[in-house]
There are 2 protein chains.
Amino acid sequence: MTWSAHASEQLDQAGYRSGSARRQVVDLFAGAECALTALEIDSRIESVGRASVYRTLDQLERLQLIQRVEIGGDAAGYERVDPAAHHHHLVCGRCGRLSPFTSDELESAIEAVGRHSGFALASHDVVLRGTCPECQAADA
Amino acid sequence: MTWSAHASEQLDQAGYRSGSARRQVVDLFAGAECALTALEIDSRIESVGRASVYRTLDQLERLQLIQRVEIGGDAAGYERVDPAAHHHHLVCGRCGRLSPFTSDELESAIEAVGRHSGFALASHDVVLRGTCPECQAADA
DNA sequence: ATCTGTGCAAATAGTTTGCATCCTC
DNA sequence: GAGGATGCAAACTATTTGCACAGAT
């Protein structure tokens, strides 16, 4: 099942009605490569109030259809949750590019921390900062 | 060498003058257990303007004497950089408590990602969210 | 004496809320 | 037709900036 179909289903089940603002935001996420900020979303959609964007983000996050990614500046990023494609981010401090990566070793290390700490882990964020290969070349 | 001594030295070398606001912020960090937000710092220090707090945080971060920790809400946290005591954070979503943890397995997984990605890693943030043991007990 | 650091207040940026209206069910 | 969804504008919170003045060197 595609993510947008899954999202619509979950939203319906949760009792939310379907309006045009929400539909447009969901569509945007469905086609997005990586994380988007609220303001990016707002500016890419015509005739949708900023408040509706935030309200929709809130609903989607609550249902775990999207998740917040702290990319470290002033604005928070949000991206589709796709359990089959769990990943983290590398942020280039020079050009701002966001690259996804995965690491089984990393995930198992995190699970181990959860076990030892006694915390019931719900989610985790891993953000690696540095300089991407292109910018390293440009600097040289 | 203690962190505050190291900090003063670095600040002097960087050409910054010493004023009372900065001194108080540095002292607060020297005695802090974990991350502090700008507003916490401002409220714990009498007669220091909020702007000076932010300006000082900016200087300290630039010199890598403190680092920003994205604890996920609206306010960013800052804490002392102590290479000998590198650690990450567990955040309890119920009571907000911040607990530090370390994991060699995690660190080596991150190094490996750096090597494979081609990024020159400068820093990284790992934030695990969940429910702390106390809150789990309280919920039961 | 000079020039940086500081405090205050105003300006900004991101996010949230109140409310009248529109549209889904 | 009723009640949630939406858009607009105003409110809020965290952070930044402009400026006059105090204080460090």
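In what follows, every chain begins at residue 1, and chains take the letters A, B, ... in the order their sequences are listed.
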Distance test, side-chain N/O of Ser18(A) to OP1/OP2 of dT24(C), below 4.0 Å: no
Test item: Trp3(A) side-chain N/O and Leu65(A) main-chain N/O as donor-acceptor pair under 3.5 Å: yes
Start and end of chain B contact along DNA chain D [non-hydrogen atoms, under 4.0 Å]: dA14(D) to dA24(D)
Under 3.5 Å: donor-acceptor pair, side chain of Ser52(B), backbone of Val48(B): no
Side-chain (His116(A)) to main-chain (Ala112(A)) donor-acceptor, under 3.5 angstrom: yes
Value rounded to 0.5 Å, distance of CZ in Arg68(A) from CG in Asp58(A): 10.5 Å
Tyr16(A) vs Leu63(A) side-chain heavy atoms within contact, under 4.5 Å: yes
DNA chain C contacts made by residues 6-16 of chain A, counting heavy atoms under 4.0 Å: none
Atom pairs and distances, side-chain donor-acceptor, residues 80-97 of chain B, under 3.5 Å, sequence neighbours left out:
{"residue": "Arg80(B)", "atom": "NH1", "partner": "Phe29(B)", "partner atom": "O", "Å": "2.7"}
{"residue": "Arg80(B)", "atom": "NH1", "partner": "Ala30(B)", "partner atom": "O", "Å": "3.1"}
{"residue": "Arg80(B)", "atom": "NH1", "partner": "Ala32(B)", "partner atom": "O", "Å": "3.2"}
{"residue": "Asp82(B)", "atom": "OD1", "partner": "Ala84(B)", "partner atom": "N", "Å": "3.4"}
{"residue": "His86(B)", "atom": "NE2", "partner": "His88(B)", "partner atom": "NE2", "Å": "3.2"}
{"residue": "His86(B)", "atom": "NE2", "partner": "Glu107(B)", "partner atom": "OE1", "Å": "3.3"}
{"residue": "His86(B)", "atom": "NE2", "partner": "Glu107(B)", "partner atom": "OE2", "Å": "3.1"}
{"residue": "His86(B)", "atom": "NE2", "partner": "His124(B)", "partner atom": "NE2", "Å": "3.1"}
{"residue": "His87(B)", "atom": "ND1", "partner": "Ala85(B)", "partner atom": "O", "Å": "2.9"}
{"residue": "His87(B)", "atom": "NE2", "partner": "Glu79(B)", "partner atom": "OE1", "Å": "3.4"}
{"residue": "His87(B)", "atom": "NE2", "partner": "Glu79(B)", "partner atom": "OE2", "Å": "3.2"}
{"residue": "His87(B)", "atom": "NE2", "partner": "His89(B)", "partner atom": "NE2", "Å": "3.3"}
{"residue": "His88(B)", "atom": "NE2", "partner": "Glu107(B)", "partner atom": "OE2", "Å": "2.9"}
{"residue": "His88(B)", "atom": "NE2", "partner": "His124(B)", "partner atom": "NE2", "Å": "3.3"}
{"residue": "His89(B)", "atom": "NE2", "partner": "Glu79(B)", "partner atom": "OE1", "Å": "3.2"}
{"residue": "Arg94(B)", "atom": "NE", "partner": "Asp139(B)", "partner atom": "OD1", "Å": "2.8"}
{"residue": "Arg94(B)", "atom": "NE", "partner": "Asp139(B)", "partner atom": "OD2", "Å": "3.3"}
{"residue": "Arg94(B)", "atom": "NH2", "partner": "Asp139(B)", "partner atom": "OD1", "Å": "3.0"}
{"residue": "Arg97(B)", "atom": "NH1", "partner": "Ser99(B)", "partner atom": "OG", "Å": "3.4"}
{"residue": "Arg97(B)", "atom": "NH2", "partner": "Glu134(B)", "partner atom": "OE1", "Å": "3.0"}

Atom-to-atom span, CZ of Arg50(A) to P of dT17(C) - whole angstrom: 16 Å
Interatomic spacing from CZ in Phe119(A) to SG in Cys132(B) - rounded to 0.5 Å: 5.0 Å
End-to-end axis angle, where each axis spans five pairs of the helix from dA1(C)-dT25(D) to dC25(C)-dG1(D), to 10°: 30°
Salt bridge (charged side-chain N to carboxylate O under 4.0 Å, His left out) contacts touching residues 17-45 of chain B (sequence neighbours left out): Asp42(B)-Arg50(B)
Side-chain donor or acceptor of Gln136(B) paired with backbone N/O of Thr131(B) under 3.5 Å: yes
Spacing of Ser4(B) atom OG and Leu11(B) atom CG [to the nearest 0.5 Å]: 11.0 Å
Arg55(A) side-chain proximity, nearest of dG5(C), dG14(C), dC19(C): dC19(C)
Shortest side-chain distance from Ala51(A), nucleotide among dC25(C), dC8(C), dT17(C): dT17(C)
Heavy atoms of other groups near Glu105(B) CD, more than 12 under 6.0 Å: yes
Members of residues 22-44 of chain A that approach DNA chain D, where some heavy atom sits under 4.0 Å away: Arg22(A)
Among Thr56(A), Ile45(A), Ile41(A), the one residue meeting side chain to side chain contact (heavy atoms under 4.5 Å, CB included) with Gln24(A): Ile45(A)
Of the listed nucleotides dT17(C), dC25(C), dG14(C), the one nearest the side chain of Tyr54(A): dG14(C)
Whole angstrom value for the distance that separates C1' of dT16(C) from CZ of Arg62(A): 13 Å
Atom pair CZ/CD1 of Phe101(B) and Ile110(A) - distance to nearest 0.5 Å: 7.0 Å
